[in-house]
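Structure record follows, encoded as structure tokens.
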Amino acid sequence: MPSGEYDPDTVEAKWQDRWVDEETYAYEGDAENPDTAFSIDSPPPTVSGSLHWGHVYGFTLQDFVARFNRMRGKDVYFPFGYDDNGIASERLAEDELDVRHQDYERREFQRMTQEVCAEYEAAFTEKMQSLGISIDWNQTYQTISPEVRRISQLSFIDLYEQGREYRQRAPAIWCPECETAISQVETEDDEQPSHFHDIAFEVVGEADADDPEQFTISTTRPELLPACVAVFVHPDDDGNQDLVGETARVPLFDQEVPILADERVDMETGSGIVMCCTFGDQTDIEWYQAHDLDLRIAIDESGTLTDVAGEYEGLSSADAREAIVEDLDEAGALLDRWGITHTVNVHERCGTGVEFLVKDQWYVELLDKREEYLQAGREMDWYPEKMYTRYKNWIEGLQWDWAISRQRSSGIPFPVWYCADCDEPVLADKETLPVDPLSDDPPVDACPECGHTAFVPEDDVLDTWATSSLTPLINAGWDWDAAHEEFRFEHPELYQFDLRPQGHDIISFWLFHTVVKCYEHTGEVPFDSVMINGMVLDENREKMSKSKGNIVAPDEVVSKYPVDAARYWAAGSAVGDDLPYSEKGLRAGEKLLRKLWNASKLVESLTEDAPAEFDHDDLAALDRWLLASLDREIERLTARFESREFSKARDGLRGFFWHTFCDDYLEIAKQRVRDGGDPSAAYTLSVAHRRFLKLFSPILAHATEELWHDMYGDDSVHQSGWPEPLGIDADFEAGETAMEAVGALRKYKSDAKLSMNADLDRVEVWGDVSGFEDDISSVMHVDELVILDERPPIETVVTGVDLDYSLVGPEFGSQVSEIEAVIDDDAYERVGDELHVAGVELDSEMFEIQEEQQYTGAGEMVDAEDVVVIVHRD
RNA sequence: GGGCUCGUGGUCUAGUGGUUAUGACGCUUCCCUUACAAGGAAGAGACCGGUGGUUCGAAUCCGCCCGAGCCCA
């Protein structure tokens, strides 16, 4: 029985424990029909740190959907994954243990990483449970686990066999700190201080050898001089056009390179003449390919200069830069040097400036199927719909296939060996997966191409996204069925997944890659619907970041406010819009919890003798009205949950509960029960209250559970079923009119500075409140309530005319302003139903006469829309 | 620099061509009415980021500008 004040600290922790212990949210799994299963595929959070607001917000929104569908009778599959096979987790282990992955054997380092991750994963589990997310904790997976490794390697083999993957020697973005190739999406821009150097190049020619022609190139990277393979001039650069076709000699290194014209030169920067090095940046790669240039690799995997750099070999690129600048200066080739700040492409994980290296890399082919992938995106329902545009723009802007090779210790190995002689790739047998080529043998004794018997294992691992993009397959138990020689699902009823929830920041890579891979493996789009949430911003609508120092930790907030209040806050904006963190939002949630708790206490005290059954035909008018109004609210609310309009769902239900139920109905019902044990009112209170708990339960998961157990039984409210409308008819108009009359009397008392329970001697009502007379007089303490048969003596004064512009506008167009002016001057004429004004005739649909009523009889009249209330006091 | 999105009382939010712009939080005044004063009643407060246009009529549609967010260069 609810008593005293609501104590969220105790209550919430209690239910979080019991939900887990009693497996309240376990997937039954006996659903044969995919329509009765509701499956959710959340992107597993990266195990690299602690929980942030993005997690809280995203998972809470998913939880609304999960709980709503569970209530609607769906068997909800809500699993949880830990993404611990990526570079992020590897770096976490390096930081925690203060080690470098290069210093350990791969399996040893993986073991260390998994140990570190285990602690973080346990913390994650606890946090998710303390947020009350209705995850089925029997259904968890780690992306580094053997099961997932198997699926990931199966995926690689399947795509290879389908001809969707290829291996190519190509320039790759390389992080010299992490010593791995990374994809474009793993880089970010960073503003860094640097220097511009003006360096003199000589033109090689027949001119006077003592006084050769010179020109200047500007560069921030003089250490790349040994990698210089060409010099470019813009075709519109008239001043330097004479150089095109000549040959230049690179200072210090003396290689001779062609001078070429290309419009990709930025004429505004430096001298307008630029050197091309293999490779300094993206443009160098394009020039290398377009002009068939030499390849001079001056920087290796670790950022150290190679033998191409001659005497500078072995220096780090930073040391080499200083040495080369010094030597240039000495040789008189350094013309100028000045500090600048410029944007550098860095690896997002470590902040190190990236290099470009030519490496053998595996790619997943994407560019040839753009149209199909666009179509796949269109087949999903997008919440909100506008987010599809981002998916579309991303695909239309794709320029590269997907590089999936990574040179790291941690991660899932490619199940591939190469013939030591002819380089033919040999893939593992599907039955033997997962394998690690470094320690396992290839499935053949001799190369099927050339018969050679020695093999080289692939020591790269797969890009973390190559695995993260398989979560629908992981969740549905995708595997190779050797007996039937086909891929099968352990849980086919889960696929396609009903809901894919995620932030809008990862549409372009995570969602896109998931759609692509699952589509290629199954021929089906993996998701029925995607729900895209916005970002959590700080209270000033700005991004939370360490450098701004505006981060609010979820832990602190949840220890200060009820989790249900945070859930209330999370429902506070349209899905897809960014949501500012707001303590006010949390306090509003707390207030609602308190209101719900207190109202429940009252209902409890009033319904002790409530009949379990009551013939709906015998219900009092007010009770019929309340239950019928609740029916309408249920229909609205259901539609809003279905369309993921959580903010409207929350505000609509809150308003109805607070105002209609508590302020209007409960105030009256409590008197009826107290005065005479009214069974109709007690029954209605009990029915309505049960329904409110169910309706609030997806959002206020803990408080409703506590109240449900206190008052109604041992089952979980979350398994109790969503209420269907009762189908009760009521006189809505009379009910609304009666409430208006009550409102008018409240206003009267407030204006007269009377307390709400002050007695009123006599009140006259003109309006249809039939069936509600006693309700009005009891709640407003009216001694004598009289329903007037005749309109009270009211003098009606016409104060103006309201036009229905949706009719008048299209009909009269530009005459409207004239009509308005004439009406303002009262120069119109009422002829029957019509209004004659400014030479035109408006029919009765088009206007409404605005009137004010002045009461001329005894007593005081109170203003109201559809009812006239007259108060008599002695 | 490009694409997409958002910009509504002090704060958050509803509202995608039609009268006087929704609600919440906060604020002011009154009321201790035995569920709740962390409550109730009443009230003040926004010409809808700026600007130009389309229209009889624009928060709503279009152009430009400003601020914020995400992605990309």
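Values in this document were obtained by computation on a predicted structure and should not be read as measured data. Lettering follows sequence order; numbering is per chain, from 1. For the numbers below, each heavy atom of this structure counts, side chains included, while hydrogens, waters and symmetry mates do not.
- Contacts of A:Lys595 with the nucleic acid, taken as non-hydrogen atoms under 4.0 Å apart, include base atoms.
- Sequence order on RNA chain B of the closest nucleotides to A:Ser573 and A:Asp578 puts A:Ser573 first from the 5' end.
- Using a 4.0 Å cut-off, some side-chain N or O of A:Lys591 falls inside it from OP1 or OP2 of B:C25.
- At a threshold of 4.0 Å, the pair A:Glu633-A:Arg636 counts as salt-bridged, since one of the basic side-chain nitrogens sits closer than that to a carboxylate oxygen.
- Counting any heavy atom pair closer than 4.0 Å across all strands shown, A:Glu396 reaches no nucleic acid atom.
- A distance of 8.5 Å separates CD of A:Glu834 from CG of A:Leu842, quoted to the nearest 0.5 Å.
- Between A:Arg746 and A:Asp663 there is no salt bridge, since none of the side-chain N atoms of the basic residue sits less than 4.0 Å from a carboxylate O of the acidic one.
- Contact annotation for A:Arg650: no contact, since no heavy-atom pair falls under 4.0 Å across all strands.
- Rounded to an integer number of Å, the gap from A:Met846 CE to B:C56 C1' is 13 Å.
- Using a 4.0 Å heavy-atom distance criterion, A:Ser817 is classed as making no nucleic acid contact.
- Nucleotide B:C4 holds its P atom 6 Å from the CG atom of A:Asn393, rounded to whole Å.
- B:A14 atom C1' lies 19 Å from atom CZ of A:Phe656, rounded to whole Å.
- By the salt bridge (charged side-chain N to carboxylate O under 4.0 Å, His left out) test, A:Asp564 is found to be paired with no residue, residues two or more places apart in sequence or in another chain being considered.
- Put simply, A:Arg654 has no side-chain N or O that comes within less than 4.0 Å of OP1 or OP2 on B:U22.
- Taking atom CH2 of A:Trp658 as the reference point, atom P of B:A35 lies 16 Å away to the nearest angstrom.
- Taking atom C1' in both B:U16 and B:U60, one finds a spacing of 5 Å when rounded to whole Å.
- Remark: C1' of B:C4 and CD1 of A:Ile507 are 9 Å apart, rounded to the nearest angstrom.
- Stem analysis of RNA chain B (Watson-Crick or G-U pairs, both distances under 3.5 Å, runs of at least three) returns B:1-7 with B:66-72, B:10-12 with B:23-25, B:27-31 with B:39-43, B:49-53 with B:61-65.
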Would A:Tyr391 and A:Tyr373 satisfy ring pair (Phe, Tyr, Trp, His ring centres under 6.0 Å), going step by step from the backbone distance to the final call?
-> CA-CA 10 Å; A:Tyr391 177 92; A:Tyr373 298 149; 8.8 Å; no
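- Taking the six-membered ring for Trp and thresholds of 30 and 60 degrees, A:Trp569 and A:Tyr57 have ring planes inclined between 30 and 60 degrees apart.
- Closest contact between the side chain of A:Leu602 and the listed nucleotides B:A41, B:C56, B:A35 involves B:A35.
- In this structure, CG of A:Leu653 is placed 21 Å from P of B:U13, rounded to the nearest angstrom.
- Phosphate contact (OP1/OP2 of B:G15, side-chain N/O of A:Lys648, threshold under 4.0 Å): present.
- Atom pair A:Trp382:CH2 and B:C4:P shows a separation of 16 Å (rounding to whole Å applied).
- Counting any heavy atom pair closer than 4.0 Å across all strands shown, A:Ser582 reaches no nucleic acid atom.
- With rounding to whole Å, A:His781 atom NE2 is found 13 Å from B:C31 atom C1'.
- Across B:C70 and B:G15, the matching C1' atoms stand 25 Å from one another, rounded to whole Å.
- A:Arg500 has no carboxylate O lying under 4.0 Å from a charged side-chain N of A:Asp381, or vice versa, which leaves the two without a salt bridge.
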